[in-house]
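Keep in mind that the numbers below use all heavy atoms, side chains included, and drop hydrogens, waters and symmetry copies.
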Amino acid sequence: MADPSFFVGIVGNVISILVFASPIATFRRIVRSKSTEEFRWLPYVTTLLSTSLWTFYGLHKPGGLLIVTVNGSGAALEAIYVTLYLAYAPRETKAKMVKVVLAVNVGALAAVVAVALVALHGGVRLFVVGVLCAALTIGMYAAPMAAMRTVVKTRSVEYMPFSLSFFLFLNGGVWSVYSLLVKDYFIGIPNAIGFALGTAQLALYMAYRRTKKPAGKGGDDDEDDEEAQGVARLMGHQVEMAQQRRDQQLRKGLSLSLPKPAAPLHGGLDRIIKSFSTTPVELHSILHQHHGGHHHHHRFDTVPDDDDEAVAAVAAGGTTPATTAGPGDRH
């Protein structure tokens, strides 16, 4: 009969490989857009180091085949992710990332392997490498704690995907059981911590999954929205006041554009005022009487300039100056 740890280890391999494969959608997007956008590259570099060290650990541990298969697959995927990120990263980011990759994934890994193979032997070698692997794994499991703080602060699970939390929970639980079966505490301790953190993430998800996301996504954004609304109201009030002043100026200009009634200096001026409502033919008759008839001459001795303009406008088009000059022309 096969050892139960083997079946548990197979299940752990499947779950862990699914976790390692989760960024495939992200890198498909990066390749399509030919840009790394705002995605972070450091998690892939550190995970590549962790899986590489675990692979080295599994090679030196008796019965560590399942450790080698899962972490070897993870290291291959992480190496692809790092390569793709380097291919599409901006020049400044690429230069910085190359330095980190060379220092961590080449320099540090090579140093650990060289020291372990040359200076350490037997159980000591396995102990030192196991401690390093456990420390890196704890760091990887602790990374999502930032997302947990965000969930509590915003009361929203938007930034903590359920699938990732669920797979971390399963991964930690399965490998914790495996570590108990094979009595490997370097695997058990970090995965037990991961299981506890995964449980806490699921609890937070259940607590806040029905909570509606705040409109402002946080207190600072709400304050910014209120400030923006206040500015908008102030601007609207100023625009309204400016429109009222403009309307007053337009009404004032309209009143100024109307012809002012002149004082009746001569009796004949009444006839000119009456001519505003006459037709051009009747007006022509009146003017003919003024220039031809001597008995009416004393009624049209002097006409003010404004009245001359009014008569000229009526004779030209049959309209008054109030309708030919709009209020806007007065400003």
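Applying the ring pair (Phe, Tyr, Trp, His ring centres under 6.0 Å) criterion to Tyr185, with sequence neighbours excluded, gives no partner residue.
Tested against Val101, the residues Val82, Leu49, Leu48 include a single side chain to side chain contact (heavy atoms under 4.5 Å, CB included) partner, Val82.
There is a path of hydrophobic side-chain contacts, each under 4.5 Å, that joins Leu86 to Ile30. There is a path of hydrophobic side-chain contacts, each under 4.5 Å, that joins Leu109 to Val104. Under the 4.5 Å side-chain heavy-atom criterion for Ile, Leu, Val, Met, Phe, Trp and Tyr, Val131 and Trp54 are members of the same hydrophobic cluster. The cluster map of Ile, Leu, Val, Met, Phe, Trp and Tyr, joined by side-chain heavy atoms under 4.5 Å apart, puts Tyr85 and Leu42 in the same cluster.
Taken to the nearest 0.5 Å, the CG atom of Leu170 stands 10.0 Å off from the CG atom of Leu18. Summarising the geometry, atom CE belonging to Met148 is positioned 5.0 Å from atom CG belonging to Leu204; distances are rounded to the nearest 0.5 Å. Taking NE2 from His121 and CG from Leu117, the interatomic distance works out to 9.5 Å, rounded to the nearest 0.5 Å.
Listed for the Asn171 side chain is no donor-acceptor partner under 3.5 Å among the backbone atoms of Ile15. Side-chain atoms of Thr93 do not come within 3.5 Å of backbone N or O of Ala89 as any donor-acceptor pair. Judged by distance alone, the side chain of Thr47 and the main-chain N or O of Tyr44 form no donor-acceptor pair under 3.5 Å. A donor-acceptor pair under 3.5 Å links the side-chain atoms of Asn105 to the main chain of Val45, judged by distance alone. No donor-acceptor pair closer than 3.5 Å links the side chain of Ser165 to the backbone N or O of Gln201. Side chain of Ser16 to main chain of Gly12: a donor-acceptor pair is present (N/O by atom type, distance under 3.5 Å, no hydrogens or angles).
Within the 4.5 Å cutoff, the side chain of Phe27 has no heavy atoms near those of the Ile80 side chain.
Within a 6.0 Å radius of CZ in Phe39, other residues, nucleotides and ligands contribute more than 12 heavy atoms.
The aromatic rings of Tyr178 and Trp175 lie perpendicular to each other, with more than 60° between the two planes, well past the 30° mark.
Taking every heavy atom of both residues into account, Phe20 and Thr51 meet most closely at CZ-CG2, 3.6 Å.
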